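Please read the structure below before turning to the comments.
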Amino acid sequence: IIAVPLLAPLGYADEASDLQNAQNNYNQTQTSIKVTEAQITEGRQQMEQLQGQIQEYENKIYRTQAEINELTIRLNESKARVKEVLQELTQIEEEFEDQNRALSERLRAMYKTGDAGMLSVLFGSVSMTELLTNVEMMKKVYALDDQFLNSISEHYDEVNEKKELL
(Lines give C-alpha, C1' and ligand atoms only; values in the text may rest on other atoms or scores of the structure.)
Protein backbone atom coordinates (compact mmCIF):
# COMPACT_ATOMS: atom_id res chain seq x y z
CA ILE A 1 0.00 0.00 0.00
CA ILE A 2 2.87 2.27 0.65
CA ALA A 3 4.22 1.71 -2.79
CA VAL A 4 1.02 2.86 -4.47
CA PRO A 5 1.15 6.42 -3.16
CA LEU A 6 4.77 6.68 -4.24
CA LEU A 7 3.91 5.55 -7.77
CA ALA A 8 0.92 7.83 -8.05
CA PRO A 9 2.95 11.05 -8.43
CA LEU A 10 4.97 9.38 -11.16
CA GLY A 11 1.77 8.67 -13.10
CA TYR A 12 0.73 12.28 -12.80
CA ALA A 13 4.15 13.37 -13.94
CA ASP A 14 3.79 11.31 -17.11
CA GLU A 15 0.37 12.77 -17.74
CA ALA A 16 1.66 16.30 -17.10
CA SER A 17 4.55 15.68 -19.46
CA ASP A 18 2.19 14.31 -22.12
CA LEU A 19 -0.07 17.28 -21.61
CA GLN A 20 2.89 19.65 -22.00
CA ASN A 21 3.99 17.82 -25.16
CA ALA A 22 0.45 18.02 -26.56
CA GLN A 23 0.35 21.74 -25.72
CA ASN A 24 3.70 22.26 -27.45
CA ASN A 25 2.51 20.32 -30.49
CA TYR A 26 -0.67 22.38 -30.55
CA ASN A 27 1.31 25.64 -30.35
CA GLN A 28 3.65 24.48 -33.11
CA THR A 29 0.69 23.49 -35.25
CA GLN A 30 -0.95 26.89 -34.65
CA THR A 31 2.30 28.65 -35.56
CA SER A 32 2.63 26.47 -38.64
CA ILE A 33 -0.98 27.29 -39.63
CA LYS A 34 -0.31 31.01 -39.21
CA VAL A 35 2.88 30.77 -41.32
CA THR A 36 1.00 28.81 -43.98
CA GLU A 37 -1.88 31.33 -43.97
CA ALA A 38 0.67 34.17 -44.34
CA GLN A 39 2.28 32.30 -47.25
CA ILE A 40 -1.14 31.80 -48.85
CA THR A 41 -1.93 35.52 -48.44
CA GLU A 42 1.44 36.44 -49.91
CA GLY A 43 0.88 33.99 -52.76
CA ARG A 44 -2.52 35.51 -53.48
CA GLN A 45 -1.02 39.00 -53.51
CA GLN A 46 1.69 37.84 -55.91
CA MET A 47 -0.95 36.17 -58.05
CA GLU A 48 -2.97 39.41 -58.17
CA GLN A 49 0.16 41.36 -59.12
CA LEU A 50 0.95 38.84 -61.85
CA GLN A 51 -2.63 39.01 -63.12
CA GLY A 52 -2.28 42.81 -63.27
CA GLN A 53 0.97 42.47 -65.20
CA ILE A 54 -0.63 39.94 -67.54
CA GLN A 55 -3.48 42.37 -68.18
CA GLU A 56 -0.99 45.17 -68.91
CA TYR A 57 0.90 42.94 -71.35
CA GLU A 58 -2.32 41.87 -73.02
CA ASN A 59 -3.26 45.55 -73.43
CA LYS A 60 0.18 46.29 -74.90
CA ILE A 61 -0.18 43.33 -77.26
CA TYR A 62 -3.61 44.59 -78.32
CA ARG A 63 -2.30 48.12 -78.98
CA THR A 64 0.74 46.79 -80.81
CA GLN A 65 -1.45 44.53 -82.94
CA ALA A 66 -3.67 47.51 -83.77
CA GLU A 67 -0.58 49.50 -84.80
CA ILE A 68 0.63 46.58 -86.91
CA ASN A 69 -2.77 46.38 -88.60
CA GLU A 70 -2.75 50.11 -89.29
CA LEU A 71 0.80 49.97 -90.66
CA THR A 72 -0.12 46.97 -92.80
CA ILE A 73 -3.04 48.92 -94.27
CA ARG A 74 -0.80 51.91 -94.92
CA LEU A 75 1.84 49.64 -96.48
CA ASN A 76 -0.74 48.07 -98.78
CA GLU A 77 -2.01 51.53 -99.74
CA SER A 78 1.55 52.62 -100.45
CA LYS A 79 2.17 49.52 -102.55
CA ALA A 80 -1.00 50.21 -104.52
CA ARG A 81 0.05 53.84 -104.99
CA VAL A 82 3.52 52.76 -106.16
CA LYS A 83 1.92 50.35 -108.63
CA GLU A 84 -0.35 53.14 -109.86
CA VAL A 85 2.56 55.57 -110.20
CA LEU A 86 4.58 52.94 -112.07
CA GLN A 87 1.70 52.46 -114.51
CA GLU A 88 1.40 56.23 -114.95
CA LEU A 89 5.14 56.46 -115.42
CA THR A 90 5.09 53.75 -118.07
CA GLN A 91 2.27 55.52 -119.91
CA ILE A 92 4.03 58.88 -119.69
CA GLU A 93 7.30 57.36 -120.89
CA GLU A 94 5.49 55.79 -123.85
CA GLU A 95 3.90 59.15 -124.71
CA PHE A 96 7.29 60.80 -124.28
CA GLU A 97 8.89 58.30 -126.65
CA ASP A 98 6.10 58.82 -129.20
CA GLN A 99 6.51 62.59 -129.02
CA ASN A 100 10.26 62.28 -129.19
CA ARG A 101 9.99 60.12 -132.34
CA ALA A 102 7.59 62.64 -133.90
CA LEU A 103 9.94 65.47 -133.02
CA SER A 104 12.89 63.61 -134.49
CA GLU A 105 10.95 63.04 -137.72
CA ARG A 106 9.91 66.69 -137.81
CA LEU A 107 13.48 67.88 -137.21
CA ARG A 108 14.78 65.45 -139.85
CA ALA A 109 12.25 66.80 -142.34
CA MET A 110 13.17 70.39 -141.46
CA TYR A 111 16.86 69.57 -141.83
CA LYS A 112 16.30 67.99 -145.24
CA THR A 113 14.25 70.89 -146.55
CA GLY A 114 16.21 73.48 -144.59
CA ASP A 115 15.42 77.17 -144.81
CA ALA A 116 15.10 76.82 -148.59
CA GLY A 117 11.79 75.02 -148.11
CA MET A 118 10.42 77.91 -146.10
CA LEU A 119 11.84 80.48 -148.45
CA SER A 120 10.45 78.65 -151.47
CA VAL A 121 6.99 78.67 -149.84
CA LEU A 122 7.27 82.41 -149.22
CA PHE A 123 8.84 83.30 -152.59
CA GLY A 124 6.63 80.84 -154.42
CA SER A 125 3.59 82.85 -153.42
CA VAL A 126 1.87 84.32 -156.48
CA SER A 127 -0.13 86.98 -154.71
CA MET A 128 0.02 89.06 -151.61
CA THR A 129 -2.93 87.13 -150.18
CA GLU A 130 -1.17 83.82 -150.76
CA LEU A 131 2.00 85.25 -149.19
CA LEU A 132 0.08 86.39 -146.11
CA THR A 133 -1.70 83.04 -145.91
CA ASN A 134 1.62 81.21 -146.18
CA VAL A 135 3.15 83.42 -143.49
CA GLU A 136 0.19 82.70 -141.18
CA MET A 137 0.50 78.98 -141.83
CA MET A 138 4.22 79.11 -141.06
CA LYS A 139 3.46 80.98 -137.82
CA LYS A 140 0.98 78.26 -136.89
CA VAL A 141 3.54 75.55 -137.71
CA TYR A 142 6.13 77.30 -135.53
CA ALA A 143 3.56 77.73 -132.74
CA LEU A 144 2.66 74.04 -132.96
CA ASP A 145 6.35 73.15 -132.92
CA ASP A 146 6.79 75.33 -129.84
CA GLN A 147 3.80 73.67 -128.13
CA PHE A 148 5.16 70.30 -129.08
CA LEU A 149 8.56 71.08 -127.56
CA ASN A 150 6.91 72.42 -124.41
CA SER A 151 4.79 69.27 -124.17
CA ILE A 152 7.89 67.09 -124.48
CA SER A 153 9.62 69.16 -121.80
CA GLU A 154 6.60 68.82 -119.49
CA HIS A 155 6.48 65.06 -120.03
CA TYR A 156 10.20 64.84 -119.30
CA ASP A 157 9.71 66.80 -116.06
CA GLU A 158 6.70 64.65 -115.12
CA VAL A 159 8.71 61.46 -115.70
CA ASN A 160 11.46 62.75 -113.43
CA GLU A 161 8.93 63.73 -110.73
CA LYS A 162 7.33 60.27 -110.83
CA LYS A 163 10.74 58.62 -110.60
CA GLU A 164 11.60 60.76 -107.59
CA LEU A 165 8.34 59.73 -105.90
CA LEU A 166 9.39 56.13 -106.15
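Remember, predicted model here, so these are calculated numbers, not experimental data. All values below come from the heavy atoms of this structure, side chains included, with hydrogens, waters and symmetry mates left out. Throughout, numbering of the chain's residues begins at 1 and tracks the sequence.
- Between E77 and R81 the shortest side-chain heavy-atom distance does not fall below 4.5 Å.
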Hey, mind stepping through E58 and Y62 against side chain to side chain donor-acceptor pair (under 3.5 Å) and telling me if it holds? CA-CA 6 Å; E58 285 176 350; Y62 177 78; over 6 Å; no

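- The pair K139-E136 meets the salt-bridge criterion, with a side-chain N (NZ, NE, NH1 or NH2) lying under 4.0 Å from an Asp/Glu carboxylate O.
- Hydrophobic cluster membership is shared by M128 and V135, with clusters built from Ile, Leu, Val, Met, Phe, Trp and Tyr side chains linked at under 4.5 angstrom.
- Rounding to the nearest 0.5 Å gives a distance of 6.0 Å between CG of L50 and CD1 of I54.
- Here the side chain of T36 pairs a donor or acceptor atom with the backbone of S32 at under 3.5 angstrom.
- The closest side-chain heavy-atom distance from Q91 to E95 is below 4.5 Å.
- The side-chain heavy atoms of Q55 and Q51, taken from C-beta on, include no pair separated by under 4.5 Å.
- At a threshold of 4.0 Å, the pair E37-K34 does not count as salt-bridged, since none of the basic side-chain nitrogens sits closer than that to a carboxylate oxygen.
- Contact check for L71 versus R74: side-chain heavy atoms found under the 4.5 Å cut-off.
- Taken together through direct or relayed side-chain contacts under 4.5 Å among Ile, Leu, Val, Met, Phe, Trp and Tyr, M47 and Y57 form parts of separate hydrophobic clusters.
- A distance of 9.0 Å separates CZ in F96 from OG in S153, rounded to the nearest 0.5 Å.
- Under the 4.5 Å side-chain heavy-atom criterion for ILVMFWY residues, no single connected hydrophobic cluster contains both L149 and L144.
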Carefully, step by step, assess Q53 and Q49 under the rule side chain to side chain contact (heavy atoms under 4.5 Å, CB included). CA-CA 6 Å; Q53 289 176 347; Q49 287 176 346; 5.5 Å; no

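- Q65 and N69 are linked by a side-chain donor-acceptor pair at a separation below 3.5 angstrom, with hydrogens and angles left out of the test.
- Here the straight-line distance linking atom CD1 of I92 with atom CD of Q99 works out to 11.0 Å at 0.5 Å rounding.
- Between E94 atom CD and L89 atom CG the span is 10.0 Å, to the nearest 0.5 Å.
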